[in-house]
Amino acid sequence: MALRVHDTRRREKVDFTTLEPGKVSMYVCGVTVYDRCHLGHARCYLSFDLIHRWLEAKGYDVMYVQNFTDIDDKIIQRANEGDGDWKTLVDRNIESYYEDMDALNILRADAYPRCTDYVDDMVRITQDLIEKNHAYVTDDGVYFHVESAPEKFGQLTGQSIDAVQSGAGGRVSDTGSTKRDHKDFALWKAAKPDEPTWDSPWGPGRPGWHIECTAMSMDHFDREFDIHGGGHDLRFPHHEAEIFQGECHTGHSPVVHHWLHNGFVNIDGEKMSKSLGNFWSIRDILEKVDAMVLRFALINAHYRSPIDMNEALLNDAERNYNRLLGCYVDALKARTTTSPVALPHADITSSVPLGKSLGLLEKMGEGFARAMDDDFNSREAVAKVLVTVREISKTLNADGVDEADRDAFAHYAVDLLEETAGRVLGVLPSRELALAEPEEDPRKVEIADHVEALLVERTQARSTKDWVRADAIRDELNALGVVVTDTPQGPEWDLA
RNA sequence: GCACGGAUGUCAGAGCGGUUAUGAGCGGGAUUGCAGAUCCUGAGACCGGAGUUCGAAUCUCCGUCCGUGCUCCA
């Protein structure tokens with residue numbers, strides 16, 4: 001099946017092609033590590049994690065590079081505000097980044113370059129751009145001259161160069177800037193007091209923001225590469241600046257073959273921002289909900305659509321996730337043999353309903369792949385998984401099924417779920433974890449004896465159909481904060 | 001103002017020219033003493049207007065409304 005992706009530059013879904021057969025080079029703009037990660041970061045790197053996983057599932061050898069911006073105005077500001085020196089601040093936030101992403105089951109990229117390790121490269125590229133008359137030196141730095149390559153303007157946002165010129169009007173307040181034109185952007189910033197600096201042919205200073213991604217992607221991928229990703233907001237000016245730099249430096253176009261941008265996260269219908277006070281850090285959310293539930297909630301929308309995060313969405317995700325998990329555990333337990341290999345479809349012929357069910361599951365698997373091939377439509381893929389879950393639950397609970405067939409079916413079901421929900425969507429725990437008894441809550445241990453005694457009494461009452469007494473005991477347990485669930489294997493209980 | 005993207009049932013959210021999206025919620029039913037879980041099943045939708053077409057939620061045009069970008073931002 002052919003993978004199609006929405007390319008921001010071409011503004012439509014296009015056939016996915018690679019420079020080298022079977023290999024994908026992917027660069028995604030990473031975080032500026034001045035603070036901990038928030039929900040928006042989670043959504044971004046989760047989007048590209050899904051893309052990463054699907055490309056690998058399709059057999060591509062993916063080289064995934066994601067940078068850290070470890071020097072910029074906000075980092076300097078935070079450090080100067082007494083948050084320790086900037087290097088310590090940066091290291092701490094990078095550590096925190098890994099913790100958050102690991103919790104969300106986001107696979108690591110192949111390389112995480114830091115921009116301060118690439119200052120030499122940035123200087124070299126800047127020098128080259130000056131020599132090619134695309135950049136100029138002033139008192140406060142080096143600037144890229146946008147009018148030197150006007151045809152490259154607006155490639156990602158469709159803005160015309162004239163419109164931006166007139167539209168910016170009074171908003172341009174470059175106090176003291178020596179730019180020739182307000183559209184120009186900094187390649188190198190001359191040193192200011194109390195700032196970390198690096199040496200350059202233009203004196204001490206530090207690199208501009210846009211040039212770092214050009215330097216780091218060039219270093220890892222040479223001249224051109226397959227996918228460049230990032231948040232929707234980076235299209236302009238950051239990514240368009242990269243087009244200017246990369247293409248003018250290499251003299252080659254396009255440098256990036258597919259531009260992919262993920263949509264934003266809103267909170268209760270409003271844009272998430274610090275000024276509105278609705279800023280959710282990943283850590284804050286994970287104190288309230290399971291990381292897998294958050295992951296489920298975020299992949300339950302197409303990566304390009306905006307997503308409105310709220311309580312209801314998380315509750316919805318939790319229910320669906322628990323259904324998936326419950327089904328997975330049931331399927332795991334339904335395997336009576338330890339054969340690691342699922343029996344092929346053809347071997348299950350003794351039971352017509354099972355054969356039919358398997359046929360449906362095969363179709364679901366194909367539908368899943370079709371959804372992911374259609375611009376990584378994880379929402380549609382999740383829908384397929386949920387239908388699969390229903391089908392598996394139904395068949396597993398069906399009567400009159402031959403034991404050996406049920407076993408084979410369970411193996412098939414487990415494999416299918418692990419391949420789709422597990423390997424690709426990343427929302428299944430390991431088999432061991434799924435089957436493990438939940439850790440004993442000390443609060444439960446404390447009341448366990450009392451609860452068990454009451455349950456024994458209730459079971460006796462139920463056996464003599466003394467429902468009044470049985471329900472009274474259940475009410476008593478409810479009052480203790482205990483929820484009782486009757487199952488064919490006897491009553492189970494948990495804290496509410 | 002310019003640019004880009006949207007408007008689908010109660011809600012969330014797919015579909016991108018003909019086929020049940022899916023989930024929650026709501027209505028019926030099976031199972032269970034009841035509850036829960038699970039399964040079956042029902043109702044309910046394509047912003048407004050015009051056009052193209054045998055056929056449009058899907059394409060074109062007009063209108064209305066919303067979001068985002070144009071400044072550091074995933």
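Worth knowing before you read on, the calculation uses all heavy atoms, side chains too, and leaves out hydrogens, waters and symmetry mates. Letters go in sequence order (proteins before strands), and every chain restarts at 1.
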Quick check with a 6.0 Å cut-off and a 45 degree axis cone: is A/R108 positioned over the face of A/Y98's six-membered ring?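 Here A/R108 passes the 6.0 Å and 45° test against A/Y98.
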Does the ring of A/W209 carry A/K189 above it, NZ/CZ under 6.0 angstrom from centre and within 45° of its axis?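 Not flagged: A/K189 not positioned over aromatic ring of A/W209.
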Nearest to the side chain of A/K394, which nucleotide is it out of B/C39, B/C34, B/C70?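 Minimum distance to the A/K394 side chain belongs to B/C39.
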Which letters describe nucleotides 7-15 of chain B, given B = protein heavy atom under 4.0 Å from base, S = only from sugar-phosphate, - = neither? -----BSSS
So what does [X] hit on the nucleic acid, given a heavy-atom distance under 4.0 Å: a base, only sugar-phosphate, or nothing?
X	answer
A/R235	sugar-phosphate
A/R9	nothing
A/V484	base

Give me the ring orientation class for A/H52 and A/Y64: parallel if the planes are under 30° apart, tilted from 30 to 60°, perpendicular past 60°.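 Plane angle over 60°, so perpendicular.
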Please state the [atom1] separation for the pair [N] and [M] - nearest whole angstrom.
N	M	atom1	result
B/G1	B/G63	P	13 Å
B/U68	B/G51	P	35 Å
B/G36	B/G13	P	28 Å
B/C16	B/U71	C1'	35 Å
B/A7	B/A12	P	12 Å
B/C59	B/G17	C1'	8 Å

Consider only side-chain N and O atoms of [X] and [Y], and report whether a donor and an acceptor are under 3.5 Å apart.
X	Y	value
A/D466	A/T464	no
A/D375	A/H302	yes
A/R114	A/T69	no
A/Y27	A/N67	yes
A/D70	A/W86	no

Can you tell me how far P of B/G36 sits from CG of A/L477, to the nearest Å?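 Result: 17 Å.
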Could you tell me how far apart A/N322 (CG) and B/U38 (C1') are, to the nearest whole angstrom?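 Rounded to the whole Å, the gap is 14 Å.
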Hunt down any stem RNA chain B takes part in, defined as 3 or more consecutive Watson-Crick or G-U pairs whose two distances are each under 3.5 Å.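 Stems for RNA chain B, defined as runs of 3 or more consecutive pairs: B:1-7 with B:64-70, B:10-12 with B:22-24, B:26-30 with B:38-42, B:47-51 with B:59-63.
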So, under a plain 3.5 Å distance rule, would you say the side chain of [X] forms a donor-acceptor pair with the base of [N]?
X	N	answer
A/R458	B/G33	yes
A/R11	B/C4	no
A/R462	B/G33	yes

Can you name the atoms? Protein N/O to nucleotides 72-74 of chain B N/O, anything below 3.5 Å, with the distance.
{"residue": "B/C72", "atom": "O2'", "partner": "A/K74", "partner atom": "NZ", "Å": "3.1"}
{"residue": "B/C72", "atom": "O2", "partner": "A/K74", "partner atom": "NZ", "Å": "3.2"}
{"residue": "B/C73", "atom": "OP1", "partner": "A/W209", "partner atom": "NE1", "Å": "3.4"}
{"residue": "B/A74", "atom": "O5'", "partner": "A/H41", "partner atom": "NE2", "Å": "3.2"}
{"residue": "B/A74", "atom": "O2'", "partner": "A/G231", "partner atom": "N", "Å": "2.4"}
{"residue": "B/A74", "atom": "N1", "partner": "A/V265", "partner atom": "N", "Å": "3.3"}
{"residue": "B/A74", "atom": "N3", "partner": "A/G40", "partner atom": "O", "Å": "3.1"}

Position toward the 5' end of RNA chain B (nearest nucleotide), A/N397 or A/V387: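 Its nearest nucleotide lies further toward 5', so the answer is A/V387.
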